[in-house]
Amino acid sequence: RLGGAVVGLDGGQARLADGGRIACDALVVATGAAPALAGPVPELRALTPIKGQILRLPGIVAEGPVLRLRKGYVCPDPAGAIVGASMEAGRSDRTIDPGVVAALLANAAQALPALAGAAHEAAVGVRAGAADGLPLAGASRTEGVWLAAGARRNGWLLAPVIAETLVAALAGRDGPASAALDPARLSLAAER
């Protein structure tokens, strides 16, 4: 059993929140902005937190494809429709903002009037993104550390190319997006 979050790196070991350590040949940092790791992994300083709020509408059955809206979407789900999502760059708090929730619901109701006033549950998450909008996948300047971070809200879409690029880098070869996703592209920004 692991002893909590990684809070630092020391010579081939991941230091855990509970004081434990895990020896590793390669440590893959697959996280958000992770300010606690920005010291030992300088590329993470180039990532900006992006707060996102989303709504779940229990009991509202939506069928068919995802409905893309000008400012969001309505997604069918067996447990109730999902309405999303805000993107608030530079924010990492997990506080639900009633104004953002109301705007999300109003936006969805404009496209689907039956959603007006629907019962909803709000949730908040924080992602991270680089200034160029592309994730980081490859070697860090920190020896033994590799990155798979900063995919913004598109992590589930980009996961295959991030994984293929990272696996190739770990094997010492180029992957499908090695140059585009190379964390070194942001090294100058990370040092500022």
Side-chain angles (χ1 to χ4, degrees), residues 4-6 28-38 41 43-138 147-166 176-177 180-181 183 185-186 189-190:
V6 173
V28 176
V29 176
T31 184
L37 293 175
V41 185
E43 295 85 355
L44 294 179
R45 289 191 293 254
L47 297 180
T48 299
I50 304 169
K51 177 180 178 178
Q53 297 180 64
I54 193 168
L55 306 178
R56 297 191 182 275
L57 311 179
I60 302 289
V61 177
E63 294 179 350
V66 173
L67 177 61
R68 300 291 297 172
L69 308 172
R70 190 170 66 83
K71 290 186 177 181
Y73 57 85
V74 178
C75 179
D77 187 274
I82 300 170
V83 175
S86 69
M87 286 184 59
E88 302 165 63
R91 294 193 57 191
S92 60
D93 66 279
R94 294 184 180 265
T95 304
I96 294 172
D97 181 333
V100 171
V101 168
L104 286 170
L105 194 55
N107 186 46
Q110 187 173 17
L112 299 170
L115 299 182
H120 56 275
E121 299 166 357
V124 177
V126 179
R127 297 174 177 93
D132 64 3
L134 295 174
L136 310 179
L147 297 166
R152 300 173 36 126
R153 73 189 312 169
N154 297 314
W156 65 279
L157 292 170
L158 297 174
V161 73
I162 292 169
E164 287 179 41
T165 300
L166 185 59
L181 305 184
R185 76 183 193 278
L186 303 174

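The figures here come from the full heavy-atom set of this structure, side chains too, leaving out hydrogens, waters and symmetry mates.
Every residue meeting the side-chain contact (heavy atoms from CB on, under 4.5 Å) condition with Arg68, not counting sequence neighbours, appears here in chain and number order: Val66, Tyr73. The side-chain contact (heavy atoms from CB on, under 4.5 Å) search around Asp132 returns Ala130, Leu134, Arg185, Leu186, not counting sequence neighbours.
Taking every heavy atom of both residues into account, Thr165 and Ala177 meet most closely at OG1-N, 3.4 Å. Contact record, Leu55 with Ala122: CD2-CB, 3.8 Å, taken as the closest heavy-atom pair.
Side-chain contact check for Leu47 versus Leu136: some heavy-atom pair is nearer than 4.5 Å. In this structure the side chain of Leu44 reaches within 4.5 angstrom of the side chain of Leu147, judged on heavy atoms. Between Arg152 and Ile50 there is a side-chain heavy-atom pair separated by less than 4.5 Å.
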If you look only at distance, which donor and acceptor atoms sit under 3.5 Å apart when one is on a side chain in residues 94-119 and the other is two or more places apart or in another chain?
from: Asp97; atom 1: OD1; to: Gly99; atom 2: N; distance (Å): 2.8
from: Asp97; atom 1: OD1; to: Val100; atom 2: N; distance (Å): 3.4
from: Asn107; atom 1: ND2; to: Lys71; atom 2: O; distance (Å): 2.8

Side chains of residues 78-92: which donor-acceptor partners sit under 3.5 Å, not counting sequence neighbours?
from: Ser86; atom 1: OG; to: Gln53; atom 2: N; distance (Å): 2.8
from: Ser86; atom 1: OG; to: Glu88; atom 2: OE2; distance (Å): 3.0
from: Glu88; atom 1: OE1; to: Arg91; atom 2: NH1; distance (Å): 2.8
from: Glu88; atom 1: OE2; to: Gln53; atom 2: NE2; distance (Å): 2.9
from: Arg91; atom 1: NE; to: Asp93; atom 2: OD1; distance (Å): 3.1
from: Arg91; atom 1: NH2; to: Asp93; atom 2: OD1; distance (Å): 3.0
from: Arg91; atom 1: NH2; to: Asp93; atom 2: OD2; distance (Å): 3.2

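Applying the salt bridge (charged side-chain N to carboxylate O under 4.0 Å, His left out) test to every pair with at least one member in residues 76-85, sequence neighbours left out, gives no pairs at all. Sorted by first and then second residue, the salt bridge (charged side-chain N to carboxylate O under 4.0 Å, His left out) pairs involving residues 105-126 (not counting sequence neighbours) form an empty list.
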